[in-house]
2 protein chains.
Amino acid sequence: MEKELIFGHQNPDTDAIGTAIAYSYLQNKLGYNTEPVALGEANDETAFALKKFGFEAPRVIKTAANEVDKVMLVDHNEPQQSVSDIDKVTVTHVVDHHRIMNFNTTSPLFYLDEPVGCTSTIMYDLYRYNDVEIPKNIAGIMLSAIISDTLLLKSPTTTDKDKKAVEALAEIAGVDYQSYGLEELKAGTNIADKSEEELIDLDAKSFEFNGQTARVAQINVVDLPEAMERKDSFLKAMDDVSEAENYDLFMLLITNVLDSDSKALVVGNDNAKAAFEKAFGKVVDSEIDLPGVVSRKKQVVPQLTEAFE
Amino acid sequence: MEKELIFGHQNPDTDAIGTAIAYSYLQNKLGYNTEPVALGEANDETAFALKKFGFEAPRVIKTAANEVDKVMLVDHNEPQQSVSDIDKVTVTHVVDHHRIMNFNTTSPLFYLDEPVGCTSTIMYDLYRYNDVEIPKNIAGIMLSAIISDTLLLKSPTTTDKDKKAVEALAEIAGVDYQSYGLEELKAGTNIADKSEEELIDLDAKSFEFNGQTARVAQINVVDLPEAMERKDSFLKAMDDVSEAENYDLFMLLITNVLDSDSKALVVGNDNAKAAFEKAFGKVVDSEIDLPGVVSRKKQVVPQLTEAFE
């Protein structure tokens with residue numbers, strides 16, 4: 001069987017990497033020949049989860065067509081979040097939990113999107129549906145992905161299916177998901193030893209809103225005031241990247257994972273900032289409080305999409 | 001629960017109508033409030049299948065936003081094949097077996113696409129997956145859809161999953177699928193009492209190929225020479241529609257459902273015809289033999305997509 005690569009989005013998080021590993025195991029059991037890879041290094045939280053369940057970080061690739069003709073995507077579908085040469089390979093499978101945007105194919109494919117908190121929740125169903133037993137370590141990395149994406153089941157993206165998957169996977173993995181989950185999330189909040197440039201690129205995604213390009217980055221912390229002490233340096237880094245990459249808008253969502261509140265820093269051109277304010281209210285000194293906002297997908301992207309229309 | 005409409009593509013075939021009926025029954029069992037509707041009158045073959053299994057033809061709609069805010073799509077995703085106001089409603093579910101093209105959403109949704117012969121094959125899995133028993137008449141209309149789309153399992157789009165679904169559904173429906181299938185297909189081949197204008201619109205889909213618009217229509221017959229006696233009238237009808245609707249290319253695939261061979265009639269501008277010939281070879285007097293070609297999806301659309309690149 002011809003080899004295929006499986007990967008999540010750029011600036012990978014625990015879902016992008018963990019679900020690629022889980023999908024590759026499942027597909028290989030079903031007769032495919034796949035390798036899970038990543039479009040960037042594992043972040044601190046993901047590295048913690050990989051180590052906990054005995055995985056090496058997947059190999060990092062930037063392009064795919066130099067290795068394979070066919071790929072499978074998890075946790076994303078928008079071309080600008082994928083390998084740079086995604087138009088040169090055939091996508092045969094997608095498992096995702098995001099909006100569908102600018103994803104076009106020549107032929108039918110396997111595509112499963114569900115409005116749940118994490119791609120690993122869908123993956124849990126795919127294992128059950130195909131009658132494939134989930135190994136202990138695979139259950140652990142899938143559990144870690146769901147904890148990460150749902151902020152330990154507290155994000156508004158969380159569904160009953162996510163809760164059920166977390167309970168089932170925690171049992172298979174043999175961990176208490178509450179205590180493990182807190183450990184895992186905290187592992188991703190150490191911002192002290194990273195530069196602002198690194199932090200705004202750690203979990204950042206690009207979007208196109210009605211012809212305008214936007215970058216929406218998110219960092220998790222346990223101490224918002226401590227993060228805000230670095231505000232001026234964050235803004236400078238955001239301005240620099242916006243200029244270099246021609247972003248019309250750059251938003252950095254700084255989320256306290258313990259109490260599920262956020263502040264956002266915002267830079268951009270007047271038109272884009274006006275759209276942002278239409279969605280979220282007045283930005284003062286490039287800063288805005290967003291109480292209760294923790295989900296880029298559910299509480300940021302749809303609102304910006306509408307505001308830019 | 002807020003009501004949602006479920007429908008297949010314009011110029012509906014047995015899959016578009018039958019799978020809408022089957023999906024509505026399933027979703028209502030799962031707690032949704034849905035109604036299956038159609039974007040056009042049932043064709044002869046579909047009317048035969050509906051009558052056989054005791055269904056009324058679904059209500060015909062042209063727009064959805066005047067009735068509901070949310071819809072579910074089966075057997076299509078491309079906006080130009082859907083209700084004219086598809087951009088004014090939210091698509092919450094899609095079950096399909098075609099390429100994905102120009103389908104964009106603001107939020108995540110349930111989307112299941114599989115490269116199988118018929119949407120009802122996927123629907124069969126969804127019933128099993130959700131542990132919902134398939135009633136006898138629903139099994140019958142799903143069976144009819146698969147027979148229609150796969151030309152009684154002879155189209156190259158046919159997969160093992162389609163075969164298994166046909167066997168299982170025939171058993172539930174209590175019919176011999178070989179003899180019923182032949183009856184059903186023949187019911188759709190009576191072209192004598194229809195005008196050329198009607199025939200080229202019966203099972204026709206619009207596509208965009210690299211900025212050019214194309215109409216690809218298909219009719220099923222049991223006697224190709226008899227159909228070709230009307231060639232000049234077909235060509236005139238195709239020219240008239242192309243002019244009225246600004247199609248760059250109009251292709252009519254005339255398929256003998258008994259021996260799985262086709263002839264095509266082709267009109268269009270020079271550029272589009274050149275692309276067509278790149279894909280299929282020389283067109284002589286607006287006519288070309290396409291032996292073995294029976295599937296628009298697998299044997300026409302990908303080839304044209306590539307030729308127009």
Using non-hydrogen atoms only, which part of [X] is less than 4.5 Å away from chain B: side chain, backbone, both, or neither?
X	answer
A/K298	neither
A/N77	neither
A/T305	side chain
A/D125	both

Output yes when a side-chain donor or acceptor of A/D248 lies under 3.5 Å from a complementary backbone atom of A/T213, and no otherwise.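 Yes; judged by distance alone, with no hydrogens or angles, the pair exists.
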A/K278/A/E306 salt bridge by N-O under 4.0 Å criterion: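 Answer for the salt bridge query: no.
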Is any NZ, NE, NH1 or NH2 atom of the basic residue among A/E78 and A/K205 found under 4.0 Å from an Asp or Glu carboxylate oxygen of the other?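 No, no charged N to carboxylate O under 4.0 Å.
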Over 60° means perpendicular and under 30° means parallel, so tell me whether B/H93 and B/F110 are parallel, tilted or perpendicular.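 Correct class here is tilted.
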Mind telling me whether B/H76 and B/H9 have parallel, tilted or perpendicular rings, with 30° and 60° as the class edges? perpendicular
Partner chain B: residue of A/V301, A/T105, A/V94 with the largest heavy-atom pair count (under 4.5 Å):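 Between A/V301, A/T105, A/V94, the count favours A/T105.
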